[in-house]
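Below, chain A is the first sequence line, B the second, and so on; all start at residue 1.
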Number of protein chains: 2
Amino acid sequence: MSSSALPYRPHNHQACVTQALADARAICQQHNARLTPTRERVLELIWQSHKPLGAYDVLAVLAEDGHNAAPPTVYRALDFLQQYGLVHRIASLNAFTGCTHAGKSHNGMFLICRWCGNVLELTAPAVSSAVNTAAAEESFRPEDVTIEVSGCCPRCAADNAHD
Amino acid sequence: MSSSALPYRPHNHQACVTQALADARAICQQHNARLTPTRERVLELIWQSHKPLGAYDVLAVLAEDGHNAAPPTVYRALDFLQQYGLVHRIASLNAFTGCTHAGKSHNGMFLICRWCGNVLELTAPAVSSAVNTAAAEESFRPEDVTIEVSGCCPRCAADNAHD
DNA sequence: GCAAAATTTGCAACATTATAACATTAGCAA
DNA sequence: TTGCTAATGTTATAATGTTGCAAATTTTGC
Ligand SMILES: [Zn+2]
Ligand SMILES: [Zn+2]
Ligand SMILES: [Zn+2]
Ligand SMILES: [Zn+2]
């Protein structure tokens, strides 16, 4: 592993976007799903940074694009993208972020920096396994697991002494 | 442990409410915090069942009470109750549930039944520890951890064959 | 007690996030 | 072409949450 995960250090972010779009095209093709221009554009916008974007933020940019869009346009695109595992909704932020493990089956866990807003998506098998064990002890059958950790990322911790 | 946790089987729920209110009074007294009538009533309403209640659900009952309440009344009461660890907000539901570990320091993990709506709050040290380890590997300092598991509770699994 | 200060509440307006319902259009196949 | 299905446009509305300020209540210092 690198000394610091992508969102937390400068990187060629355009490469992230390009890769995400390429992955998305491949995944949609595999599933005979149509990555229409609107859907692709929304995905691209979500990927503009590693900070989650609200649906209405997306909507605003579409409007700048000259696209005469209403909320359902965005929500439908986001639903589609979620369905194919291309974006995740961050419940604690009411916002959406590009999946960094698209295509692979994974249980996302999100590290959300309170200061810079960047989000790192992890696949943490130990966490998933602990959650499953805890659920099993209650005879509970998990179907969807939300793990969102809010805190301070390494970069922001270095930049200044918060608190 | 009992064969099945409280929310998942019939029980004298009034005892849950009474206990929760008594705990709340004690905790507030300890902290010199004022459990005013409105706050206490909101806590009582949240505890009406083990199903999380939306802020506007609470508001509606207050209105039935004859209490001329507006949204801020409810949100302020809920903020207060959260501050003293008496209720938790379930981000994936936009709803609130009474804390079943009030007073004790704990990292809640919530098992949310899709079918009956009941929520079981667990303290799962193994999960917390796995989350902390995963965060530490990224040099991330967690401040607030949200773990919400949506699925099928034992009772609903027994009642019928969903899916 | 009593006035000043701090906390809590009432209230109106507003902001944000998300969905419902139905008409229209675009892609595709017989 | 024609008909079917998926996708989008459009309008309205629902659901959730916040801001700002004034009034009332409670606490504090005297
Ligand atoms: Zn993912
Ligand atoms: Zn940061
Ligand atoms: Zn709790
Ligand atoms: Zn159930």
Assign the ring pair A:H88 / A:F110 to parallel, tilted or perpendicular, where the plane angle (0 to 90°) is split at 30° and 60°. perpendicular

Distance under 4.0 Å to a non-hydrogen atom of chain A counts as contact; along DNA chain C, which nucleotides mark the start and end? C:dT17 to C:dG27

Near-strand residues of residues 30-57 of chain B, defined as heavy-atom separation under 4.0 angstrom from DNA chain D: B:R34, B:Y56

Taking the side chain as C-beta and beyond, is there a heavy-atom pair between A:I147 and A:V131 under 4.5 Å? yes

So, do A:R41 and A:L45 sit near enough that their side-chain heavy atoms are less than 4.5 Å apart? yes

Taking the side chain as every heavy atom from C-beta outward, state whether A:V42 and A:F96 have any pair of such atoms under 4.5 Å apart. no

For atom CD of B:Q29, is the number of surrounding heavy atoms from other residues, nucleotides or ligands below 6.0 Å larger than 12? no

How about A:I46 and A:L78: do any of their side-chain heavy atoms sit closer than 4.5 Å? yes

For the backbone of A:I90 and the side chain of A:E148, can you confirm whether one donor and one acceptor N or O come within less than 3.5 Å of each other? no

Report yes if the side chains of A:P7 and A:E121 come closer than 4.5 Å at any heavy-atom pair, otherwise no. no

Hey, what's the ring geometry for A:F80 with A:Y84, parallel, tilted or perpendicular (30° and 60° as the breaks)? tilted

Can you pull out the residues from residues 59-89 of chain A that lie within a 4.0 Å heavy-atom distance of DNA chain D? A:H67, A:N68, A:A70, A:P72, A:T73, A:R76

Is any side-chain heavy atom of A:T73 closer than 4.5 Å to a side-chain heavy atom of A:H67? yes

